[in-house]
Structure formats: structure tokens, C-alpha cells
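A, B, ... follow the sequence lines: proteins, then strands. Residue 1 opens every chain. Fair warning: this is a prediction, and the values are worked out from it, not measured in the lab.
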Amino acid sequence: MNVIEINNLTKTYGKSRGITDISFNVEEGEIFGFIGPNGAGKSTTIRTLLSLIYPTSGSAKIFGKDCIAFAPEIKKQIGYLPSEVFYYDNMKVIDLLKYSASFYKKDCTKRIKELAEIMDLDLTKKIDDLSLGNKKKVGIVQGLLHEPKLIILDEPTSGLDPLMQQKFFELLEIEHQKGVTVLFSSHILSEVQRLCSRVAIIKEGKIVTVEKISTLQENNYKKFKIHTKANLDKSYFDVAGVSKLEVEGNNVSFLFKGNLNIVLKKIAETEIANVWIEEPDLEEIFMHYYVKEA
Amino acid sequence: MNIFWHELKAYRKSTITWSISLIAMMVLFMSIFPTFAKDAADFTKLLEGYPESLRTALGMNLDNLFTLLGFYSYSLTFIVLIGAIQAMNIGVSIVSKEIREKTADFLLTKPVTRTTIVTAKLSAAFVSLILTNMVYGAAALMMASQVKLEDYSLQTFVLLSLSLLFVQLIFLALGIVISVVVRKIKSVLTVSLATVFTFYFIGMIGGTADQESLRYFSPFKYVDTAYILQNSSYETTYLIVAAALIVIAIAVSYIIYSKKDIHAV
């Protein structure tokens, strides 16, 4: 079942920003990454899903219902964490969270305490006095306290220290195990790579590709680094599928895409001291998409 | 209801401050009434020295200025002015506050319709103004009974006092429209002061030029205290105009707000 279905969603502003003809689905129970650089249209897409802004054309469905027409109903099951959090400054954290909880017709007191403890958040402080990172924690608790079935995160980690990021990711993993669906927008690829099973790449308001993370990596090259015992002929590894070949004394490095056996045979036939074979990280794949299209 | 209570709480401080200011203004005026009325003859002579147009512009009417109700209605020109700023402030804040303080994302991603949000905010603003008027009215009645030299018509006094609420409601509605239409209001007070004073001066000019048509352009002149003093009632035409204005302004606000894009910061 699809929790989010986006069909040809277009939003044009007076200026050049906006999104064009966006379509993708997010399946129930998956953590779906939504990546692209700043200004590519991630927030615009998300804000449309939340009916904060209205589409110029196209539509989107959440839980099978139109996200504009059924907005209030749908939002009962959505937790949203924006990239920058702003709350009523003169309120205490606990009062804000209680106010937030009052919109959902259930008792969230226990959950608030639980989340605050995990995120190490002082509930008695005034929002005004909180640091950026602590405000973000309030945002996290606020977004999760009603136990939503869909969590929408728009660049959620900005302002969080690595320790808190870690805790936050653990929280998401737990929710994920409960069957919660997550839409995770980010420009930081490592975090997407770590959490998400599938990913949509957006560029200048258009979806470039929607892929499984594993497929993205499979279809790509591998990085080879070899330390040989004797000096090699420079052209030794220059076979089909090899690119960016660099030979410096005993060190050889290159990228390879194709039948791995060919390269491994080549390696086996030489005296080597050490060998490293690495998966490219998402960053490199991502750059690949961007450079190719540019 | 939760939004309503939240908003009402948010207005609490400002409601108290404005109520005190209104009462202070009223007390200030009414406390000089006894001395003023005693030396009526001298004051009349002094004021007659001023050009008549200036007197009308300031809302002074020598025929009744030395009666309690006449003097009260003169002081009301200033009290209503303050009240209008209060109402305009609340009105302009209603939506712009969320945008300026960037809390709109919080509220609008909750499972509520935008109509519900406007209704709750509007009701809270309305209740704030009602509370202000109740406190003010009680204080005014008490003050009047303290300084009166002879009996006065209670009905007229109440009607005069209610002109505060009457004008406030118009400015509240006006403020909401501005708050919904303008994308981002940096300073509420600047906007409300500018608007209120513009209408105030239009009213003053209307008073001197003696042009009936100009009255429609200044909500301050919808209640003519001289008319109330004479007839102990409001003018029906202006009651209707005011009601229409409020209804239209609020309806427009609902429509625009429901269709408005809430942009990221």
C-alpha cells in the first residue's frame, strides 16, 4: 500500500523557484529518502503535502486521501518536523507540548515524558531560553508525541549534535519497526544512506530518479586501490570498464564497472601487498547524477 | 477550543494593559470635570476665542460641554482613539503574528481546518475586546457617579460608552483583513497606528468640512456623540454600514486565509 502518492505535482511561484511534474510513491512502512541540494524543491513538495501551500496542478494523496481536501483528517496521523523550528517564545516547553497534544484527541502525557527523557530535554524551561539544538529537540518531541503513522522530516538534523542525531535516528528506527512510514528529506547523503531503503533524487524542481539505495550502489562502479610489491606497467590495469586509472610507484587506484572477475584475475596475477575494494558512497553516485545531467 | 484559550491567554497581558490605559484616560478627563463645570462661564469665554472650525475639529460643542454627558462624550473622542488602536493591534496580529514569529507551520500542520483557526482567533480577539469594554464600562459608571453634579440619563451614558466597542469592532475587522492580505507585517504597531490615525484625521477633516459623505470614510464618525446626546440612540444608517463593513471584512479574511500559501521562512 502507498502511504504517499504524488501525481504530477506542480507548483510555480512568481519567481523561478517551484516544482515541476513531481511524481513518486512512498510505501507503507518504509523510510523514504528525499534528497537534493538546497533550493531543489524538497520543502516545496513537503509543504504541499501538508497543505501549507496549494499546488498549481497535479495532486497528492496521503493514506489514499487527497492531501488538500482531507487535510485535517490526514494530519491526525502525520508528525512533521521542519528544518527550522519556531514556537511561541513565551511558553514553557511542557506547555507547548501540551498545547500540541491538545490537537490530537488522546492522552500523550506518558509519551511526552518518554520522548523528553530519550532526547534529554528539560521540560520546565522557557522556549525563549533554549538553544537551537534544544529547540530542535522540542520539535522532535512535538512531531512524535501523538504517535503518528507517517513522519515527515524536512532536513531534521540541522542543529543537532552528533550524539543527539544518533538518538534521534534510533528513535526513528524504533518507529520504523512499529510500521511507521517516514519521508526523510535531506541534503546530507550519509544520513539518507544510513536510514533509507529507497530514495528520490530531486534537482531543480524535477525528480531525477527514484531508486532503491542498494540498486543505486549496485549499478555503480567499485573503487579499487592496490598496493603492489613490484613496479607495474602503467597499462596493466587499463582494461575495459576501468576509469580514472592512477599509477604512482607501487600504488594503483582506479574505478571499475563491469564484470568483477576480470579485474580480480588481473589482481591475482600480480604480486600485491594490499588491496582495498570499496563501495562508492551515495555522495559520489549523487554527484554522478548531477554532473551527468548538467 | 484549545486554540481559543491559547489565543485568549496570549492576549491577556495586552488586554489588561489597554484596559488600564483606557480607564486611566477616562479617569483623567472625568476628574477635571467638576472644576471645569464650576468655572463654565470662564471656560466658555476662553474657548469662544478659538476659531469655530478648530473647536469642531476637536469635537468640542460649547452647548453641552459643561454637562456631564457632554464632557464625557468629548473625552470619548480620545478614549475611542486609544480603543481603536487596541482593536486594530489585535486584528492585525491575528494572522501576522504566526507568520512573523514563524509559528504558522506549527499550527497549520495540526489536524484543524484554517476556518477553525480563524474562528478561534477571531473569537478570542472578540472576547478580549468585550472584556476590555466591560471593565472600562464599570469603571466609567463608577467614575461618573463620583463626579456628577446633577442626574444624567443612564441610557445615554451607556450608549456613549458603547461607542468604544462599536468603533473597536470595525477596526478589529479592518485589522484582520490587513493581516491576511499583507504577506509579512514587520511591526504591528506601525501598521495599526498609521491606519487608525489616517481614519482619525479623515474624521477630523470631515468634521470641519461638514461633509456628510466624508463620514462614511471614517469609522470614528459612525457614532456621532452629539446625535446620541440628543436622541439617546445610534443612527440606523451608520449601524447598518458598520455591520456590513464588519461582515464583509471578516468574510473576505476567511476566504483569503483559507486559500493563502503559507511560505517557509
**Request:** Counting only heavy atoms closer than 4.5 Å, note whether B:K9 contacts chain A via side chain, backbone, both or neither.
**Result:** neither
If you compare all heavy atoms of [X] against all heavy atoms of [Y], which two are closest, and at what distance to 0.1 Å?
X      : Y      : value
B:I262 : A:R47  : O-NH2, 2.8 Å
A:P72  : B:P111 : O-CB, 3.1 Å
B:H263 : A:Y13  : CE1-CE2, 3.1 Å

Can you confirm whether [X] is buried at [atom1], in the sense that more than 12 heavy atoms of other residues, nucleotides or ligands lie under 6.0 Å from that atom?
X      : atom1 : result
B:Y234 : OH    : yes
A:K135 : NZ    : yes
B:Y254 : OH    : yes
B:K260 : NZ    : yes
A:K178 : NZ    : yes
B:F197 : CZ    : no
A:K105 : NZ    : no
A:K167 : NZ    : yes

**Request:** State, yes or no, whether a side-chain contact exists between B:V112 and A:K75 at a heavy-atom distance under 4.5 Å.
**Result:** no
Return the [atom1] to [atom2] distance between [X] and [Y], rounded to the nearest 0.5 Å.
X      : Y      : atom1 : atom2 : result
B:L107 : A:F103 : CG    : CZ    : 5.0 Å
B:L108 : A:Y80  : CG    : OH    : 11.0 Å
A:T44  : B:D261 : OG1   : CG    : 10.0 Å
A:Y88  : B:K97  : OH    : NZ    : 7.5 Å
A:L52  : B:R114 : CG    : CZ    : 6.5 Å

**Request:** For A:S100 and B:K110, test the side chains for any donor-to-acceptor distance below 3.5 angstrom and give the result as yes or no.
**Result:** yes
**Message:** Under 4.5 Å from any heavy atom of chain B, what part of A:I78 do you find: side chain, backbone, both or neither?
**Reply:** neither
**Request:** Look at A:D154, A:D89, A:I53 and state which one has the largest set of heavy-atom pairs under 4.5 Å with chain B.
**Result:** A:I53
**Fill in**
Counting heavy-atom pairs under 4.5 angstrom with chain B, the leader among A:K11, A:E73, A:Q142 is A:Q142
**Request:** May I ask you to list the residues in residues 60-71 of chain A that approach chain B closer than 4.5 angstrom, counting heavy atoms only, ordered by number?
**Result:** none
**Prompt:** Under 30°, 30 to 60°, or over 60°: which ring-plane class applies to B:F106 and A:Y99, parallel, tilted or perpendicular?
**Reply:** tilted
